[in-house]
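Okay, so here's the structure we're looking at.
Residue numbers begin at 1 in each chain, while the letters A, B, ... track the order of the sequences. Computed over heavy atoms, backbone and side chain alike; hydrogens, waters and symmetry mates excluded.
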Protein chains: 2
Amino acid sequence: MSNSFTRTTKQRNAVIEVLRDHKGFISAQDIHNFLKNSASTVGLSTVYRTMTALTTSNDVDVMLREDGEALYRLCSSVHHHHLVCRDCGTTIEIQADYVEAWAKDVSQAHGFSDIDHTVEIVGICKKCKK
Amino acid sequence: MSNSFTRTTKQRNAVIEVLRDHKGFISAQDIHNFLKNSASTVGLSTVYRTMTALTTSNDVDVMLREDGEALYRLCSSVHHHHLVCRDCGTTIEIQADYVEAWAKDVSQAHGFSDIDHTVEIVGICKKCKK
DNA sequence: TTGCTAATGACAACCATTGTCAATAAGGAA
DNA sequence: TTCCTTATTGACAATGGTTGTCATTAGCAA
Ligand SMILES: [Zn+2]
Ligand SMILES: [Zn+2]
Ligand SMILES: [Zn+2]
Ligand SMILES: [Zn+2]
């Protein structure tokens, strides 16, 4: 947790708490709704501001749902990708050195530089499979 | 072009024409704006409807920009991924059997089924590199 | 305790996307 | 060619996620 806040607030702690307790990716709107039905309510603006900060500090990963809504998740800081269950949201962090190397090779082969890549796998996990 | 339209219209042809002439990914809004300054103007709703149909028929690929806006591109129908220039939008279709196999293996190893995956590489192409 | 100011939250503004529906036009039938 | 059915269009409203505004609140260092 290397975020760049200069002060500690209960609102931010509440948001981070929700992220900690949630196993998969979750939207800002859902974090806000969840806290609405709890002891510590947090303004929607604050949720968004917190997510932006946590994203910048690399404490959370962002994933875009098909409709474009942003989903967030507390993640380890080492580079990795995700295997996500389409139903329950359960997320497994995956690493694959070969894929990293492949991305670099393909890019160089075509003369591209300053590479960034997206690799996500979505499917149905064992539990959700009937 | 195996779309499911039952009639041919000049509006749809105009939209497809724009996609043909555009080398990279382009948003519905931009297609609409481009046609606004041309002979054949097309309503925004029609642009969206056309993109939805072309996406369903697999004639165009969809890619989400960081801010969540959808970008479209006429693509070959064989499964592939993209190498995109962050600056000029130039797009190269890439295929990698190993990555396909890897996605399948990782999924199975974790008990996931009905897999779908996203693999995109963005960077700066040779021309745009200073 | 006090003072500075980061942080909050209610609210408005923004903007891509979808829904609505009366008017239009593609194209098969006659 | 003309007529008719209805797929398609487009202007406009509505939706919903996200960002901007700004007066008020509350960390925290002195
Ligand atoms: Zn599941
Ligand atoms: Zn990677
Ligand atoms: Zn493609
Ligand atoms: Zn370029």
Determine whether [X] and [Y] make a side-chain contact, defined as any pair of heavy atoms from C-beta on separated by less than 4.5 Å.
| X | Y | answer |
| --- | --- | --- |
| Ile115(B) | Lys104(B) | no |
| Cys125(A) | Asp87(A) | no |
| Met63(B) | Val84(B) | yes |
| Phe34(B) | Ile26(B) | no |
| Leu54(B) | Ile16(B) | yes |
| Tyr98(A) | Trp102(B) | no |

What is the first contacted nucleotide of DNA chain C and what is the last, in 5' to 3' order, if contact means an atom lying under 4.0 angstrom from a heavy atom of chain B? dA16(C) to dG27(C)

Are any protein N/O atoms closer than 3.5 Å to N/O atoms in nucleotides 13-16 of chain D? If there are, list each pair with its distance.
none

Co-members of Phe5(A) in a cluster of I, L, V, M, F, W and Y side chains, linked at under 4.5 Å: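 Joined to Phe5(A), directly or through intermediates: none.
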
Excluding Val78(B), membership of its hydrophobic cluster (Ile, Leu, Val, Met, Phe, Trp, Tyr; side-chain heavy atoms within less than 4.5 Å) reads none

Result for 5'-nearest mapping on DNA chain D, choosing between Leu44(B) and Asp67(B), is Leu44(B)

Under the criterion side chain to side chain contact (heavy atoms under 4.5 Å, CB included), I'd like the reasoning laid out for Ile31(A) against Met51(A): C-alpha separation, chi angles, the key distance, then a yes or no. CA-CA 10 Å; Ile31(A) 293 174; Met51(A) 300 323 296; 4.0 Å; yes

Residues within residues 5-22 of chain A bordering DNA chain D, heavy-atom distance below 4.0 Å: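 Only Arg7(A), Thr8(A), Lys10(A) qualify.
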
Within the supplied structure, the quantity of interest is the number of heavy atoms (other residues, nucleotides, ligands) at a distance under 6.0 Å from Asp21(A) CG; does it exceed 12? yes

Please figure out whether Gly68(B) or Val47(A) has its closest DNA chain C nucleotide nearer the 5' end.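 By nearest-heavy-atom nucleotide position, the 5'-most residue is Val47(A).
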
How would you list all residue pairs meeting side-chain hydrogen bond (donor to acceptor under 3.5 Å, both in side chains) that involve residues 38-55 of chain B, not counting sequence neighbours?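 side-chain hydrogen bond (donor to acceptor under 3.5 Å, both in side chains) check on residues 38-55 of chain B returns Gln29(B)-Tyr48(B), Thr46(B)-Arg49(B).
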
Going by the side-chain hydrogen bond (donor to acceptor under 3.5 Å, both in side chains) test, which pairs reach into residues 5-17 of chain A, not counting sequence neighbours? none

Taking every non-hydrogen atom, the tightest pair across Cys75(A) and Asp61(A):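 So the minimum-distance heavy-atom pair works out to SG-OD2, 3.2 Å.
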
Test side chain to side chain contact (heavy atoms under 4.5 Å, CB included) on Asn58(B) and Ser2(B); report intermediate values, then the result. CA-CA 8 Å; Asn58(B) 274 309; Ser2(B) 58; 6.0 Å; no

Distance, rounded to the nearest Å, where Met51(B) contributes CE and dT9(D) contributes P: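 These atoms are roughly 13 Å apart.
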
Mind grabbing the angle between the end helix axes of the helix from dT1(C)-dA30(D) to dA30(C)-dT1(D)? Five pairs an end, 10° rounding.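 That helix has its two terminal axes inclined by roughly 30°.
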
Can you sort out the partners of Arg65(B) under salt bridge (charged side-chain N to carboxylate O under 4.0 Å, His left out), two or more places apart, ordered by chain and number?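 If we apply the salt bridge (charged side-chain N to carboxylate O under 4.0 Å, His left out) test to Arg65(B), skipping adjacent residues, the hits are Asp67(B), Glu69(B).
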
Would Glu66(B) and Arg86(B) count as a salt bridge (Lys or Arg N to Asp or Glu O under 4.0 Å) here? Give the steps. CA-CA 11 Å; Glu66(B) 274 195 9; Arg86(B) 200 174 318 177; over 6 Å; no

Evaluate the side chain to side chain contact (heavy atoms under 4.5 Å, CB included) criterion for residues Phe112(A) and Ile121(B): first the C-alpha distance (whole Å), next the side-chain angles of each, then the deciding distance (0.1 Å), finally the verdict. CA-CA 10 Å; Phe112(A) 277 60; Ile121(B) 308 180; over 6 Å; no

Please tabulate, one pair per line, each protein N/O and nucleotide N/O from nucleotides 20-25 of chain D that are separated by under 3.5 Å, including the distance.
{"residue": "dG20(D)", "atom": "O6", "partner": "Ser45(A)", "partner atom": "OG", "Å": "3.1"}

Show every ring-ring contact (aromatic ring centres under 6.0 Å, His included) that has at least one partner inside residues 65-90 of chain A, sequence neighbours left out.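 Applying ring-ring contact (aromatic ring centres under 6.0 Å, His included) to every pair that reaches into residues 65-90 of chain A, excluding sequence neighbours, yields Phe25(A)-His82(A), His79(A)-His81(A), His79(A)-His117(A), His80(A)-His82(A), His81(A)-His117(A).
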
In residues 55-63 of chain A, which residues come under 4.0 Å of DNA chain C by heavy atom?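 Going residue by residue through residues 55-63 of chain A, none turns out to have a heavy atom under 4.0 Å of DNA chain C.
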
